[in-house]
Every structure is written in structure tokens, then in C-alpha cells.
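First up is the structure itself, then whatever we jot down about it.
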Amino acid sequence: TPFIMVTALDYEENKIDAFNIGVDDYVVKPFSKNELLARVNCLIENKQKREEWNNEESEEESEVESYKEKKLKHIKGIILENIHYDDFTVTDLADHVNLSQRQLERTVKKLTGLTPVKLILEVRLQEAYKKIKNKDEEDVNNVRYSVGFKSASYFSVKFKERFGVNPSELLKEELE
């Protein structure tokens, strides 16, 4: 709320003190009614304009975030569509999202903090974890193949690094 100080003190130091404590306007007696109303209206209009500007700015920020989210969802969607291919590479991902490998690397790094290789690995591991938790597969090898891992040992090592448990142990826990 705008604050107007109406006072008989006309010294410059009084005005400066008032503005330093946050007063929006300083009116000295005697004043005309029309001048006071004009100042009040001006302060209210300026406050409303600032609020509108702030709202527009926050809407633009949310649009930017939604663009980033859409881009990341698109990239993850491409990875998920091709997750069962063990030979799906960063080059393939870049081709699918119509970016050069370098542009893809910059974009993914900016959005996730991960390199494209690590993002693909993370998506594969997350899907494997979901499949085990949801009991989609009854065998770790089936899970491994369904998310694009050729090597059983590499899958087990990376899964344990990421989730702190071997995939076979997690599967046993879920089946019990």
C-alpha cells in the first residue's frame, strides 16, 4: 500500500528522513485537495502497473520453464522409445531430436547436469528399477534386455551404484 506523509515540516532533512524510512510521497501543509487526490491516484496507478509488470514477468518465467520441461520430456521420450536397443547411442539420440551431438550435449547438460551418455544410462536404470518394483518381469535378465543392457555384470554394477542394491536382490524382495 502506498504511504503518503502529510506534514507541516518543510525542511529538506525531514523529507529525506521520511523517504529513507519508505514513505512513497511527502506532502507539505498547506496543500490543495486536488493535488493530494492527484498524488494518491498516481501512486495507486503506479503500484498497479508494477504489479501487472511483475505478473507478466513471472508468467514469462513459467513459460520458459515449461519450454525446458517440454524439451527434456521430448529427449527422455526418445530414449524411452529406443530403450530396448542396446546399441542406441548419443549420435542416434541427437539425430532423433534434430540436434548436433555438441548441441545435444549442451542442452542436456543445461537441463539435467548430466552428459547425454549419463542421461541415457540414468533413464535405462530408472526403467529397470520400475520394472522390478512393478514386477513386470520375473527374471533380472529379462529386465536387463528390456532396457538395453547387453552385459549382465555391467548392468548389476551400474544398478547397485545407482540404487545401492543388486537388481537380483531387489527382485527377490519384490517377489516375496
Side-chain angles (χ1 to χ4, degrees), residues 1-83 88-134 147 158-165 170:
T1 303
F3 188 82
I4 300 175
M5 182 177 266
V6 178
T7 182
L9 301 174
D10 191 21
Y11 300 113
E12 185 177 346
E13 62 188 43
N14 296 109
K15 290 179 183 179
I16 291 172
D17 289 342
F19 287 122
N20 283 334
I21 63 169
V23 171
D24 293 298
D25 204 352
Y26 193 94
V27 179
V28 179
K29 292 181 183 176
F31 58 88
S32 74
K33 178 180 166 186
N34 291 336
E35 178 188 1
L36 183 62
L37 288 175
R39 288 181 179 211
V40 168
N41 287 332
C42 184
L43 286 170
I44 291 172
E45 285 177 28
N46 288 341
K47 182 178 187 288
Q48 289 172 341
K49 287 178 184 176
R50 279 193 305 272
E51 287 175 351
E52 288 173 14
W53 183 77
N54 284 336
N55 289 339
E56 288 173 8
E57 189 174 274
S58 63
E59 287 174 8
E60 288 174 7
E61 288 175 6
S62 66
E63 287 176 14
V64 168
E65 285 301 310
S66 64
Y67 170 76
K68 289 178 182 177
E69 289 171 3
K70 285 179 188 175
K71 190 76 169 170
L72 186 57
K73 282 182 185 177
H74 177 65
I75 291 169
K76 283 184 177 179
I78 298 294
I79 295 170
L80 289 171
E81 286 173 15
N82 296 283
I83 199 164
F88 184 71
T89 64
V90 173
T91 305
D92 298 325
L93 179 59
D95 289 342
H96 280 83
V97 294
N98 297 320
L99 295 172
S100 70
Q101 285 186 9
R102 184 70 188 128
Q103 287 174 315
L104 177 67
E105 187 171 327
R106 276 189 237 126
T107 302
V108 169
K109 189 80 167 173
K110 185 176 180 182
L111 295 174
T112 66
L114 301 171
T115 64
V117 171
K118 288 183 179 177
L119 178 64
I120 292 171
L121 177 64
E122 179 64 20
V123 171
R124 289 180 193 269
L125 291 172
Q126 289 288 339
E127 282 302 302
Y129 187 83
K130 284 181 196 174
K131 287 180 183 251
I132 292 172
K133 278 295 204 184
N134 295 335
V147 294
K158 289 300 180 183
F159 194 92
K160 185 164 185 171
E161 281 177 10
R162 177 62 179 89
F163 300 109
V165 63
L170 184 62

Results of side-chain hydrogen bond (donor to acceptor under 3.5 Å, both in side chains) for [X] - residues two or more places apart only:
X    : answer
T89  : D92
S100 : Q103
K110 : none
K47  : E51

Qualifying residues under salt bridge (charged side-chain N to carboxylate O under 4.0 Å, His left out), relative to K131, sequence neighbours excluded: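 Salt bridge (charged side-chain N to carboxylate O under 4.0 Å, His left out) list for K131, sorted by chain: empty.
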Considering residues at least two apart in sequence or located in another chain, which fulfil the side chain to side chain contact (heavy atoms under 4.5 Å, CB included) criterion with [X]?
X    : answer
L111 : K68, K71, L72, T107
E122 : L114, Q126, R162
E127 : L80, I83, K130, V147
D95  : T91

N-O pairing of E52 and K49 below 4.0 Å: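 Salt bridge: no.
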Note, I4 side chain near L43 side chain (heavy atom, < 4.5 Å):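 In contact.
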Selection residues 5-23 - residue pairs positive for salt bridge (Lys or Arg N to Asp or Glu O under 4.0 Å), sequence neighbours left out: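 Qualifying pairs: D10-K15.
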Supply the atom-to-atom distance [X] [atom1] to [Y] [atom2], rounded to the nearest 0.5 angstrom.
X    : Y    : atom1 : atom2 : value
E81  : H96  : CD    : NE2   : 7.0 Å
I120 : I79  : CD1   : CD1   : 5.0 Å
N98  : L104 : CG    : CG    : 11.0 Å

Listed pairs under 3.5 Å, donor-acceptor, residues 20-30 side chains, sequence neighbours left out:
residue, atom, partner, partner atom, Å
N20, ND2, I16, O, 3.3
D24, OD2, F3, N, 2.7
D25, OD1, R39, NH1, 3.1
Y26, OH, L9, O, 2.7

Non-hydrogen atoms of F159 and L170 that approach each other most closely: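 Shortest heavy-atom separation between F159 and L170 comes out as CZ-CD2, 3.8 Å.
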Ring pair (Phe, Tyr, Trp, His ring centres under 6.0 Å): pairs with one or both residues in residues 111-131, sequence neighbours excluded: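 Those involving residues 111-131 are Y129-F163.
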Evaluation steps, side chain to side chain contact (heavy atoms under 4.5 Å, CB included), between R106 and K109: CA-CA 5 Å; R106 276 189 237 126; K109 189 80 167 173; 5.8 Å; no
